[in-house]
Structure formats: C-alpha cells, structure tokens
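Down below is the structure, laid out as structure tokens.
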Amino acid sequence: MATYWTLGCDADDPQRLAAFWAFALGYVKESGFDEPDNASVVDPNGRGPAIGFLKVPEGKSAKNRMHIDVRVAGPGPWDMDERVRLIRQQVPELVAAGATVVREEWYDDALGHVVMQDPEGNEFCVA
C-alpha cells in the first residue's frame with residue numbers, strides 16, 4: 001500500500017508559490033491552509049502528493065537539491081515531436097505565471113527539458 005505524503009517547501013510568500021504550483025501542476029488549493037504563513041495544494045484527482053509551503057525567515061541561498069519535473073507529455077514512451085511541442089507550449093504559460101527560463105537541455109539533437117525557476121527562484125524542469 002502506498003504511503004500518503006506531502007512535499008514540504010520553504011517559502012517567502014507561501015500563498016504566491018501555492019498559486020503558481022497549483023497552476024503549473026493542475027492542482028487546487030487545499031482548504032484550511034489559507035493563512036499568510038502557510039499554504040497547501042493538492043491533486044484534485046487524489047493521485048499525486050500534496051505540496052505544502054511554509055513561510056521561513058531566510059531566503060533561498062543555493063541550488064535546491066530536489067526539484068519537481070513537470071512532465072507535460074505524461075508517462076512514456078513518447079512521440080518525441082509531440083513531447084517537444086507540449087514543452088514549447090507549456091514554457092511560455094509558466095513564464096506568464098511568474099516562472100523564469102534558465103536554459104534548455106538537449107540530448108544529441110532532441111530537446112530533453114527546459115530548466116526553469118519558480119517565482120522564488122527554485123529550480124524545476126519542464127520535460
């Protein structure tokens with residue numbers, strides 16, 4: 001049996017990060033977590049883990065050692081042309097929501113993923 005779990009994240013503005021990640025992942029805000037110092041988002045279908053955001057006094061100071069990969073093409077195997085199309089479609093939508101593009105990673109002649117930062121500078125990939 002799978003264990004239910006929550007990915008906990010430090011934040012300067014928990015509500016802003018929760019709104020961004022809800023948009024990026026197709027999640028919804030979890031009721032009961034609407035204080036300025038904490039927020040949580042959940043998969044509306046109940047499949048993925050919750051993601052909690054807790055206000056901390058210090059800012060981000062280094063590269064995060066764990067990150068989220070937003071897999072726009074779903075589980076593999078993939079039609080690589082369609083996967084690239086979906087990546088190219090998602091990236092500008094995330095930029096409009098407050099993300100920043102860092103770089104593209106290529107594997108030979110194929111786009112592997114786009115490294116981005118959320119509104120507080122936490123790295124994640126769109127793959």
Side-chain angles (χ1 to χ4, degrees):
M1 178 159 101
T3 300
Y4 290 99
W5 58 282
T6 298
L7 174 63
C9 303
D10 294 346
D12 180 55
D13 184 343
Q15 295 299 326
R16 180 177 182 213
L17 275 189
F20 173 81
W21 284 107
F23 173 79
L25 300 174
Y27 273 38
V28 296
K29 285 191 164 187
E30 183 173 13
S31 63
F33 293 91
D34 51 9
E35 299 293 324
D37 291 347
N38 69 69
S40 181
V41 295
V42 294
D43 179 348
N45 298 313
R47 293 187 310 242
I51 304 174
F53 303 90
L54 184 64
K55 183 166 182 65
V56 296
E58 67 277 358
K60 182 180 178 303
S61 61
K63 181 183 184 297
N64 40 306
R65 292 175 51 103
M66 185 183 318
H67 68 265
I68 293 174
D69 283 345
V70 178
R71 295 175 61 181
V72 295
W78 303 288
D79 172 311
M80 294 308 284
D81 291 336
E82 177 64 6
R83 183 174 171 276
V84 169
R85 186 191 71 74
L86 291 169
I87 291 170
R88 296 256 184 247
Q89 176 182 314
Q90 186 71 26
V91 167
E93 292 176 6
L94 294 171
V95 168
T100 304
V101 174
V102 175
R103 69 180 176 279
E104 293 183 351
E105 291 288 335
W106 290 77
Y107 306 116
D108 297 320
D109 61 345
L111 176 62
H113 59 275
V114 177
V115 179
M116 302 187 77
Q117 291 179 333
D118 74 11
E120 291 193 6
N122 300 299
E123 293 86 3
F124 68 98
C125 297
V126 178

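- Annotation for Pro44 and Gly26: closest pair CD-O, 3.3 Å, computed over non-hydrogen atoms.
- The backbone N or O of Ala110 lies less than 3.5 Å from no partner atom in the side chain of Asp108, so there is not a single donor-acceptor pair.
- Side-chain contact between Val91 and Ile87: present, with at least one pair of heavy atoms (C-beta onward) separated by less than 4.5 Å.
- Arg16 meets the salt bridge (charged side-chain N to carboxylate O under 4.0 Å, His left out) test with no other residue; sequence neighbours excluded.
- Residues satisfying the side-chain hydrogen bond (donor to acceptor under 3.5 Å, both in side chains) test with Asp10, not counting sequence neighbours, are none.
- For the pair Asn122/Lys60, a side-chain contact is recorded, criterion being any heavy-atom separation below 4.5 Å from C-beta on.
- For the residue pair Val115 and Cys125, the shortest heavy atom distance occurs at CG2-SG, 4.1 Å.
- For Lys55, the salt bridge (charged side-chain N to carboxylate O under 4.0 Å, His left out) partners two or more places apart in sequence, or in a different chain, are Asp12.
- When hydrophobic side chains of Ile, Leu, Val, Met, Phe, Trp and Tyr are connected at separations under 4.5 Å, Val42 ends up clustered with Val28.
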Audit row: Asp13, Glu120, side-chain contact (heavy atoms from CB on, under 4.5 Å) steps and yes/no: CA-CA 8 Å; Asp13 184 343; Glu120 291 193 6; 3.7 Å; yes
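- Remark: Asp69 pairs with His67 by the side-chain hydrogen bond (donor to acceptor under 3.5 Å, both in side chains) rule, at least two apart or across chains.
- To the nearest 0.5 Å, the span separating CD on Glu82 from CD on Gln89 amounts to 8.5 Å.
- Counting only heavy atoms from C-beta outward, the side chains of Phe53 and Trp21 approach each other to under 4.5 Å.
- Using a 4.5 Å heavy-atom cutoff, the side chains of Val70 and Leu25 are in contact.
- Ile51 has its side chain within reach of Ile68: a pair of non-hydrogen atoms, C-beta onward, lies under 4.5 Å apart.
- Scored by the side-chain hydrogen bond (donor to acceptor under 3.5 Å, both in side chains) test, Gln117 finds no partners at all (sequence neighbours excluded).
- Residues Thr6 and Gly52 share a closest heavy-atom pair of CG2-N, 3.6 Å.
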Residue pair Leu86, Val126: steps toward the side-chain contact (heavy atoms from CB on, under 4.5 Å) verdict: CA-CA 9 Å; Leu86 291 169; Val126 178; over 6 Å; no
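- Residues Leu7 and Pro49 form no side-chain contact, since every pair of their non-hydrogen atoms from C-beta on lies 4.5 Å or further apart.
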Can you list, pair by pair, the side-chain donor-acceptor contacts under 3.5 Å of residues 94-104, counting residues two or more places apart and other chains?
| from | atom 1 | to | atom 2 | distance (Å) |
| --- | --- | --- | --- | --- |
| Arg103 | NE | Glu105 | OE2 | 2.5 |
| Glu104 | OE1 | Trp106 | NE1 | 3.1 |
| Glu104 | OE2 | Arg88 | NH1 | 2.5 |
| Glu104 | OE2 | Arg88 | NH2 | 3.4 |

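- Cluster partners of Met80, using a side-chain heavy-atom cutoff of under 4.5 Å among ILVMFWY residues and allowing indirect links, are Trp78.
- For the side chain to side chain donor-acceptor pair (under 3.5 Å) condition, the pairs that include at least one residue of residues 33-43, sequence neighbours left out, are Glu30-Ser40.
- Remark: Lys29 pairs with Gln15 by the side-chain hydrogen bond (donor to acceptor under 3.5 Å, both in side chains) rule, at least two apart or across chains.
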